[in-house]
A.B. asks: 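Have a look at this one before I ask anything.
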Amino acid sequence: MFDNATAPRTLGKANLSLERVVLTLVMLAIAAGMFVPFIWMVLSSFKPYQEILSLKPTLWPKGFTVSNYTTLTSDLPFLRYFLNSAGVSSVVTLVILFTSSLCGYVFAKFEFAFKELFFMTIISSMMVPFAVVVLPLYFLIARLGMLDTYFGLVIPFMVNAFGIFLMRQFMEGIPGDLVDAARVDGAGEMWIYWRIMLPLSLNALSALGVFVFLWSWNSLWWPFMIISKSELRTLPLGIATLAWEYATRVDLVITGATIGVVPILILFALMTRTIVRGVALTGMK
Amino acid sequence: MATIEDSRGSQASDRTGNGLISRLRIPRNAFPWLVLAPILLYYFVFLIYPILYAIWVSLHLWIIENPSASQFVLFRNYSDLLLPTSRFLDAFRNTLVYVIVRTVALVPLGLLTALLLYQFRRTQRFYLFCVFAPIVCPSAAIAVLWKWLYHPRFGPINAQLAEMGVPRQGFITEAGQALYSVVAVDIWQHIGFGAVIFLAGLMSIPEQLLEAARIDGASRWQLFWKITLPLLSHTTLFVTVITLIGSFQVFDLILVMTSGGPGYATYVLSYLIYNEGILRTDMGAASAISLVMFAIIMVFTVIQFRLLRPRWEY
């Protein structure tokens, strides 16, 4: 999917026709409409306060400055927010990849009592909106004493029904002969999982990993519910809090949003197709 | 032959001395249960229990400080949602508007963008990047960005409008425009999602099919309406349902851009749940609202599950 080589040339030789020019212009206009706001944001983060608040906004910064960044990282633990997000999202991703693939292996390659019943129980949780469980989860986490902790951010998201579904689908396509041969040779189940199933599932794992990481990195509601200590905020929560507490300091707010967006856009530029495939495949956002 | 033997031999020796995980030796019959027991326990604690808890609370006049003193009131919390003092009907209406506008806009826009992307080969990756970029960004950052683009005094959009002689608009600060201003941002952010799914659908249509119709003298217009669109009907349905379900759950944009305001103009169900449960500590009402929302979304999800099995065969 989405490989250059497979994209058809529907217009054939008519590459320089008027129609082609019009199509390109429309496409460019759409691309600009999607991307210009980001450019405006990045450029604005280098403008001094007065320039952003001038009634005639400039696109290119006239009084170029990096003071927004120095203020933001010295007055607020913005780097900490970034590291918090990176840590929490990495752990959530690794844990979900592990639980999903392990369950996927069990559902794909084993026969046992109540298998389909268990599978349907897990899968049907996909239809539960987060809004339904968010308040009970909040009180549960509070009772476990995990408000304002990293544990509280990770624990409700260690198993993902869609991940299990995806890994089962994928692993059912891996020939059972491989597994049987390894068993005959005396391999343990964990060995088969670790040395056969996982290496053969890298495609599905990378798609799922990309999706889970982005979803965790971007999530706001749950951190907003349980985190009140400044130094434990994730990046989205840091940006949102900045927008509430420093509502009049546009320069800082815009710079905070830039810090939240640019790294993820760079990552996206480097692996456009993998990420697009991950999000499109999982189709959950 | 010798090499195959060799590799098998080395694999066999691998099997005895490899890492902690590989070395765990678990009997075959016990393996599924050893894996599933903790997973199912986890499911019970972090999913089934919260749902049961929400149902239980929704049937009570819930007292957060002392739950055991809560009074059982059956469906009072549900019927109270219809009282004029409740914000439920406002939030419900706002959510419906939000869902309808977002879905009606996103599906055709996604298809159109996909049709455009389909025409480009060498530059497709670049356009894909631009169209998809807002989706990978945190909604919190997107919300903050647009809050300032929309700013009534200093925002670039209003500056542009002023230059063209259009009076400045309040956007998210004006009750009549706020909901539509937020949904516009949401639509802008998510066009790429439908576009990518439709693009995958377009690419799976065999070229010969279109070629054959073209040879028979079909126009570009006929080609689209008679072949492309019918073959995409399953994809269209899928995108529509996914978009519907996603629209019902909007929270981040509302929280950061408007916090439900001005007044109650952008209260949606998820925001109302948070507001009733945490800010007003009326857990009974919050739980009742969340279960109503659950019921609505469940209908669409059942449709979605049916759709996971593709019907079109080429």
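Proteins get letters first, then strands, A, B, ... in listed order; numbering begins at 1 in each. When reading the values below, keep in mind they use all heavy atoms of this one structure, side chains included, and skip hydrogens, waters and symmetry mates.
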A.B. asks: At a heavy-atom distance under 4.5 Å, which candidate from A:Val134, A:Thr99, A:Ile155 has the highest pair count against chain B?
C.D. replies: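 Heavy-atom pairs under 4.5 Å are most numerous for A:Ile155.
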A.B. asks: Between chain B and each of A:Pro156, A:Ala240, A:Ser44, count heavy-atom pairs under 4.5 Å; write down the option with the most.
C.D. replies: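 The option with the most such pairs is A:Pro156.
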A.B. asks: So, B:Glu276 side chain and B:Ala285 main chain: donor-acceptor pair closer than 3.5 Å or not?
C.D. replies: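 Side chain of B:Glu276 to backbone of B:Ala285: no pair is present.
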A.B. asks: Contact part of B:Ser287 toward chain A, heavy-atom cut-off under 4.5 Å: side chain, backbone, both or neither?
C.D. replies: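 Interface part for B:Ser287: neither.
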A.B. asks: Under a 4.5 Å heavy-atom cut-off, does chain B meet the side chain of A:Ala142, its backbone, both or neither?
C.D. replies: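 Answer is neither: A:Ala142 stays 4.5 Å or more from chain B.
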A.B. asks: Please look at A:Lys109 and chain B and tell me whether the side chain, the backbone, both or neither of the residue comes under 4.5 angstrom of a heavy atom of that chain.
C.D. replies: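 Backbone only.
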A.B. asks: Can you tell which part of B:Phe294 gets under 4.5 Å to a heavy atom of chain A, answering side chain, backbone, both or neither?
C.D. replies: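 Answer is both: backbone and side chain atoms of B:Phe294 are under 4.5 Å from chain A.
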A.B. asks: Is a side-chain N or O of A:Tyr246 found less than 3.5 angstrom from the main chain of A:Leu252, in a donor-acceptor match?
C.D. replies: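 Answer holds: no.
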A.B. asks: With a 4.5 Å cut-off on heavy-atom pairs, point out which of A:Ala243, A:Ser219, A:Cys103 contacts chain B the most.
C.D. replies: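 Heavy-atom pairs under 4.5 Å are most numerous for A:Cys103.
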A.B. asks: Pick one of side chain, backbone, both or neither for B:Leu116, based on which atoms fall under 4.5 Å of a heavy atom in chain A.
C.D. replies: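 Contact with chain A: backbone and side chain both.
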A.B. asks: Tell me, for B:Leu255 versus chain A, whether the close heavy atoms (under 4.5 Å) come from the side chain, the backbone, both or neither.
C.D. replies: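 Both the backbone and the side chain of B:Leu255 come within 4.5 Å of chain A.
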A.B. asks: Would you please classify the geometry between the A:Phe38 ring and the B:Trp188 ring as parallel, tilted or perpendicular, with 30° and 60° separating the classes?
C.D. replies: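 Answer is tilted, since the angle falls between 30° and 60°.
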A.B. asks: Say whether A:Tyr81 and A:Thr234, considering side chains only, have a donor N or O and an acceptor N or O under 3.5 Å apart.
C.D. replies: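 Result is no, nothing qualifies.
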A.B. asks: Picking from B:Met298, B:Met283, B:Lys147, which has the most non-hydrogen pairs under 4.5 angstrom with chain A?
C.D. replies: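 That would be B:Met283.
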A.B. asks: Non-hydrogen atoms of chain B under 4.5 Å away: do they reach the side chain of A:Thr24, the backbone, both or neither?
C.D. replies: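 Both parts, heavy atoms under 4.5 Å.
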A.B. asks: At a 4.5 Å cut-off on heavy atoms, which part of A:Phe119 comes close to chain B: side chain, backbone, both, or neither?
C.D. replies: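 Contact with chain B: none, neither part.
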A.B. asks: Can you tell which part of B:Val35 gets under 4.5 Å to a heavy atom of chain A, answering side chain, backbone, both or neither?
C.D. replies: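 B:Val35 touches chain A through side-chain heavy atoms alone.
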A.B. asks: Pick one of side chain, backbone, both or neither for A:Leu242, based on which atoms fall under 4.5 Å of a heavy atom in chain B.
C.D. replies: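 Neither; nothing under 4.5 Å.
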A.B. asks: Quick check on the interface: out of A:Leu28, A:Val159, A:Ile239, who has the most heavy-atom pairs with chain B under 4.5 Å?
C.D. replies: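 Highest number of heavy-atom pairs under 4.5 Å: A:Val159.
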A.B. asks: Which bit of B:Leu36 is near chain A, if near means a heavy-atom gap under 4.5 Å: side chain, backbone, both or neither?
C.D. replies: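 Side chain only.
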A.B. asks: For A:Leu267, which atoms come within 4.5 Å of any heavy atom of chain B: side chain, backbone, both, or neither?
C.D. replies: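 Neither part; nothing is under 4.5 Å.
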A.B. asks: For the residue pair A:Phe157 and A:Trp222, categorise the inter-ring angle as parallel (less than 30°), tilted (30 to 60°) or perpendicular (more than 60°).
C.D. replies: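 A:Phe157 vs A:Trp222 ring planes: perpendicular.
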A.B. asks: State, without any angle test, whether A:Glu189 and A:Tyr105 hold a side-chain donor-acceptor pair at a distance under 3.5 Å.
C.D. replies: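 A donor-acceptor contact under 3.5 Å links the two side chains.
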A.B. asks: Ignoring hydrogens, what is the shortest heavy-atom contact between B:Val268 and B:Val250? Give both atom names and the distance.
C.D. replies: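 Nearest pair, atom of B:Val268 first, then B:Val250: CG2-O, 3.8 Å.
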A.B. asks: Working to the nearest 0.5 angstrom, can you tell me the gap between B:Leu47 CG and B:Leu40 CG?
C.D. replies: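 The distance works out to 11.5 Å.
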A.B. asks: Does B:Phe120 have A:Arg20 sitting over its ring (NZ/CZ under 6.0 Å from centre, angle to axis within 45°)?
C.D. replies: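 Flagged: A:Arg20 positioned over aromatic ring of B:Phe120.
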A.B. asks: Surrounding CH2 of A:Trp221 (heavy atoms of other residues, nucleotides or ligands, distance under 6.0 Å), is the total greater than 12?
C.D. replies: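 Counting other residues, nucleotides and ligands, CH2 of A:Trp221 exceeds 12 neighbours.
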A.B. asks: Among B:Tyr127, B:Tyr49, B:Phe126, B:Trp146, which residue forms the greatest number of heavy-atom pairs with chain A at distances under 4.5 Å?
C.D. replies: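 Heavy-atom pairs under 4.5 Å are most numerous for B:Tyr127.
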A.B. asks: Side chain, backbone, both or neither: which part of A:Ala161 has an atom under 4.5 Å from a heavy atom of chain B?
C.D. replies: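 Backbone plus side chain of A:Ala161, per the 4.5 Å heavy-atom cut-off to chain B.
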A.B. asks: I'd like to know if the side chain of A:Ser85 and the backbone of A:Leu235 have a donor-acceptor N/O pair within less than 3.5 Å.
C.D. replies: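 Here the side-chain-to-backbone pair exists.
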A.B. asks: Residues in ring pair (Phe, Tyr, Trp, His ring centres under 6.0 Å) with B:Phe129, at least two apart?
C.D. replies: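 If we apply the ring pair (Phe, Tyr, Trp, His ring centres under 6.0 Å) test to B:Phe129, skipping adjacent residues, the hits are A:Phe35, A:Phe268.
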A.B. asks: Taking side chain as everything from C-beta outward and backbone as N, CA, C, O, which of these in A:Ile30 sits under 4.5 Å from a heavy atom of chain B? Side chain, backbone, both or neither.
C.D. replies: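 For A:Ile30, the side chain is the part near chain B, not the backbone.
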A.B. asks: Which one, B:Phe251, B:Tyr53, B:Phe132, leads in non-hydrogen pairs under 4.5 Å with chain A?
C.D. replies: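 Max contact count across the listed options: B:Phe251.
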A.B. asks: Is chain B contacted by the side chain of A:Ile141, its backbone, both, or neither, given a heavy-atom distance below 4.5 Å?
C.D. replies: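 Just the side chain, heavy atoms under 4.5 Å.
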A.B. asks: Need one label for A:Leu140: side chain, backbone, both or neither, based on atoms under 4.5 Å from any heavy atom in chain B.
C.D. replies: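 The side chain, not the backbone.
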A.B. asks: By a 4.5 Å heavy-atom criterion (distance strictly below it), what part of B:Leu117 contacts chain A: side chain, backbone, both, or neither?
C.D. replies: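 Interface part for B:Leu117: both.
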A.B. asks: After noting the C-alpha distance and the side-chain angles of A:Phe224 and A:Thr241, does the key distance pass the side-chain contact (heavy atoms from CB on, under 4.5 Å) rule?
C.D. replies: CA-CA 9 Å; A:Phe224 169 70; A:Thr241 325; over 6 Å; no
A.B. asks: Look at the aromatic rings of A:Phe213 and A:Trp217 and report parallel, tilted or perpendicular, splitting at 30° and 60°.
C.D. replies: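 Rings of A:Phe213 and A:Trp217: parallel, as their planes differ by under 30°.
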A.B. asks: Are side-chain N/O atoms of B:Tyr43 and A:Ser125 paired as donor and acceptor at under 3.5 Å?
C.D. replies: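 Yes - a donor-acceptor pair under 3.5 Å links their side chains.
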A.B. asks: Less than 4.5 Å apart, any side-chain heavy atom of B:Val57 and any of A:Phe139?
C.D. replies: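 No, too far: nothing below the 4.5 Å cut-off.
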A.B. asks: Is chain B contacted by the side chain of A:Met158, its backbone, both, or neither, given a heavy-atom distance below 4.5 Å?
C.D. replies: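 Contact with chain B: backbone and side chain both.
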A.B. asks: Please flag which part of B:Val45 lies under 4.5 Å from any non-hydrogen atom of chain A: side chain, backbone, both or neither.
C.D. replies: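 When you check distances to chain A, atoms from both the backbone and side chain of B:Val45 fall under 4.5 Å.
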A.B. asks: If you count heavy-atom pairs within less than 4.5 Å of chain B, which of A:Ile275, A:Ile192, A:Ile122 leads?
C.D. replies: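 Among the listed options, the one with the most contacts to chain B is A:Ile122.
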